[in-house]
Structure formats: structure tokens, C-alpha cells
Novice: 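Would you mind keeping the following structure in view while I ask a few things?
Keep in mind the model is a prediction, meaning the values are calculated, not measured.
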Amino acid sequence: MHPRIPRQSAREQSGPPPVSPDGAVRLSAELTAVVSGARRRALRDGDRQIDTAHLLHSLLDADAEAYAVFDAEPQLSRLLGYLVQRSIGYGLRWQNTIEDSGAVPVVTTEGLSPLAAGAMEHACARAEHRADGPARGIDLLAAILVDPESRAVEVLTRAGIDAHAVSARIDDRLPGGLWGGPPRSSR
């Protein structure tokens, strides 16, 4: 009898961070661990691809900086409940479907939904623009909130959390703002 979830090699689980063509590391070690966690969640849930809700769940579990953005949120426990219940309730309607709002071109990144792949690229672009190192979890959190049709935004909305307010809190936390300009709070 074969296991339901295919085995992953150690390299697949936590391989090296993606490297851009110029040789620069694109993801921090912490963000690489977040992506690995999202991959395990997707496999466990029987999903073919990692979507933005998998990434959000993994960020909240593994990235203290991303979790801190939600720390004062009164609906945090509801959000975590929705994310945990994904495989038995809330996310069942997403099984065997691809997360794609049609707002972004389909990206063919193995293992990621088109929106998740776009969010990863967006997070890397943020980090490159700021020029303060590889993409971090907070970059990915900001990126998954960009598309209002993403599953991550849908889960936030169902939990009673405003994605725009979360984006503003992220902007206030990043030194130099999201794109390297002056922080919003100092304007």
C-alpha cells in the first residue's frame, strides 16, 4: 500500500533559497522555511499546489515578524481557526482547483499556484528594491495581500480582518517603508 502523501527528499523540503541569475540569494533562510512549511501543508491537505492561504498559514506559524503584524488583531484566533480547519471544512471547496484570479498572467512555477508564484516574485522585487538583503516573510505577507481575489485575502476577510489595514501595518513596520522610501509613520 502506498502512502497518500508522496515522500519528499531533504532537498525538496528545505532546499537552498532560490538564486537569481546574477547569483544573489532571493529568499532569506526564514522565508525558505516558510515555503517548505507551506509545501508540507499543501501535500498534507491533498492540494496539488501551494496557494496564498498555505503561505499565510505557514507565515503565521513560522515567522515572528509576520505574526507580530497580527498580534493585536482581535480576530487572530478566528483567522488561525479558519486556517487550521482548511483540510476538513473551509478549504474543501478549493481542493482540486487552481488559485488564479485572472488578474495576473499564469506563471508556470512548479508547485505554486499562479497567485502564490506572483506573490513570491513580488516579495523578491520588494527586497531587491530595498537592497537590504533577501526577501523576508514580511515581504511575502505584503505580497500575498496585493490581490483581493487571493485565497489569503478571502480567509482574512472571512475572519473579519481588513487586508488593507494589515498592509498599512506592514508598511509601518518596514524600515524605509515597503519600497525603500520614507516610512509612512514619519511622513
Side-chain angles (χ1 to χ4, degrees), residues 8 12-19 24-45 47 49-86 91 99 109 111-113 115-147 150-157 159 161-180 183-184:
Q8 291 179 296
E12 287 174 324
Q13 288 180 9
S14 62
V19 176
V25 175
R26 301 188 71 208
L27 302 180
S28 67
E30 294 82 9
L31 189 51
T32 301
V34 165
V35 174
S36 293
R39 181 177 295 114
R40 285 189 299 276
R41 266 194 181 81
L43 285 170
R44 184 188 62 228
D45 292 347
D47 296 328
Q49 295 180 324
I50 299 168
D51 64 27
T52 58
H54 291 121
L55 292 171
L56 175 62
H57 195 173
S58 192
L59 280 165
L60 291 173
D61 276 353
D63 190 287
E65 188 177 25
Y67 185 88
V69 172
F70 293 94
D71 207 18
E73 186 64 55
Q75 301 298 334
L76 178 60
S77 60
R78 180 183 285 177
L79 171 62
L80 293 172
Y82 280 141
L83 291 169
V84 167
Q85 291 182 55
R86 177 184 175 133
E99 178 187 35
T109 301
L112 295 171
S113 73
L115 289 181
M120 293 298 292
E121 288 302 316
H122 192 102
C124 291
R126 275 183 200 287
E128 288 170 13
H129 184 79
R130 279 197 324 273
D132 69 349
R136 302 185 332 242
I138 197 87
D139 294 310
L140 181 58
L141 179 57
I144 64 176
L145 299 177
V146 168
D147 191 325
S150 74
R151 290 177 181 173
V153 172
E154 183 178 339
V155 173
L156 286 170
T157 302
I161 297 173
D162 180 13
H164 294 294
V166 173
S167 291
R169 286 195 301 265
I170 293 168
D171 192 9
D172 287 341
R173 286 178 177 273
L174 288 175
L178 290 175
W179 291 100
R184 286 174 70 163

Novice: Quick one, Cys124 and Arg26 - any side-chain contact, counting heavy atoms below 4.5 Å?
Specialist: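 Cys124 reaches Arg26 side chain to side chain.
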
Novice: So, are Arg136 and Glu65 salt-bridged, with charged N and O less than 4.0 Å apart?
Specialist: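 Salt bridge between Arg136 and Glu65, a charged N being under 4.0 Å from a carboxylate O: yes.
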
Novice: Side-chain contact, heavy-atom cut-off 4.5 Å: Leu59 with Tyr67?
Specialist: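 The answer is no; the side chains never approach within 4.5 Å.
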
Novice: What I want to find out is whether Glu73 reaches Arg169 closely enough, with some N-O distance under 4.0 Å, to be called a salt bridge.
Specialist: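 Yes, charged N to carboxylate O under 4.0 Å.
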
Novice: Return the CD to CG distance between Gln49 and Leu115, rounded to the nearest 0.5 Å.
Specialist: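 The distance works out to 10.0 Å.
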
Novice: I'd like to know if the side chain of Arg151 and the backbone of Ala53 have a donor-acceptor N/O pair within less than 3.5 Å.
Specialist: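 Here the side-chain-to-backbone pair does not exist.
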
Novice: From Ile170 CD1 over to Leu141 CG, what is the distance, rounded to the nearest 0.5 angstrom?
Specialist: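 Between Ile170 CD1 and Leu141 CG, I get 3.5 Å after rounding to 0.5 Å.
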
Novice: Less than 4.0 angstrom from a charged side-chain N to a carboxylate O is my criterion; do Glu121 and Arg126 meet it?
Specialist: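 The answer is no: the pair does not qualify as a salt bridge.
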
Novice: Do any N or O atoms from the side chain of Ser150 and from the backbone of Ile144 form a donor-acceptor pair under 3.5 angstrom?
Specialist: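 Answer holds: yes.
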
Novice: What pair of heavy atoms forms the shortest contact from Ala143 to Ala123, and how long is it?
Specialist: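 Taking Ala143 first and Ala123 second, the nearest heavy atoms are CB-N, 3.9 Å.
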
Novice: Measuring from atom CG of Asp63 to atom CD1 of Ile138, what distance do you get when rounded to the nearest 0.5 angstrom?
Specialist: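 Between Asp63 CG and Ile138 CD1, I get 7.0 Å after rounding to 0.5 Å.
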
Novice: Just how far is it from atom CG of Leu145 to atom CG of Leu56, taken to the nearest 0.5 Å?
Specialist: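 Here the rounded value is 7.5 Å.
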
Novice: Which distance, rounded to the nearest 0.5 Å, do you find between the CG of Leu27 and the CG of Leu140?
Specialist: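 One gets 8.5 Å once the value is rounded to the nearest 0.5 Å.
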
Novice: Start with the C-alpha gap between Leu60 and Leu80, add the side-chain angles, then the distance that decides, and say whether side chain to side chain contact (heavy atoms under 4.5 Å, CB included) holds.
Specialist: CA-CA 8 Å; Leu60 291 173; Leu80 293 172; 3.9 Å; yes

Novice: Return the CD1 to OG distance between Ile50 and Ser58, rounded to the nearest 0.5 Å.
Specialist: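 Interatomic distance, Ile50 CD1 to Ser58 OG, rounded to 0.5 Å: 8.5 Å.
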
Novice: Is there side-chain contact between Leu79 and Leu156, with at least one heavy-atom pair below 4.5 Å?
Specialist: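 With C-beta onward as the side chain, the pair touches.
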
Novice: Is any side-chain heavy atom of His122 less than 4.5 Å from a side-chain heavy atom of Asp139?
Specialist: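 Side-chain contact under 4.5 Å: no.
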
Novice: Spell out, as yes or no, whether a donor-acceptor pair under 3.5 Å connects the side chain of Thr32 to the backbone of Ser28.
Specialist: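 Yes; at least one donor-acceptor contact below 3.5 Å.
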
Novice: Can Val155 and His57 be said to form a side chain to side chain contact (heavy atoms under 4.5 Å, CB included), step by step?
Specialist: CA-CA 10 Å; Val155 173; His57 195 173; over 6 Å; no

Novice: Do Asp47 and His54 come close enough that some side-chain heavy atom pair is under 4.5 Å?
Specialist: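 SC-SC contact between Asp47 and His54 confirmed.
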
Novice: Any side-chain to backbone donor/acceptor pair from Thr52 onto Ala152? Under 3.5 Å, distance only.
Specialist: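 At least one qualifying donor-acceptor pair exists.
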
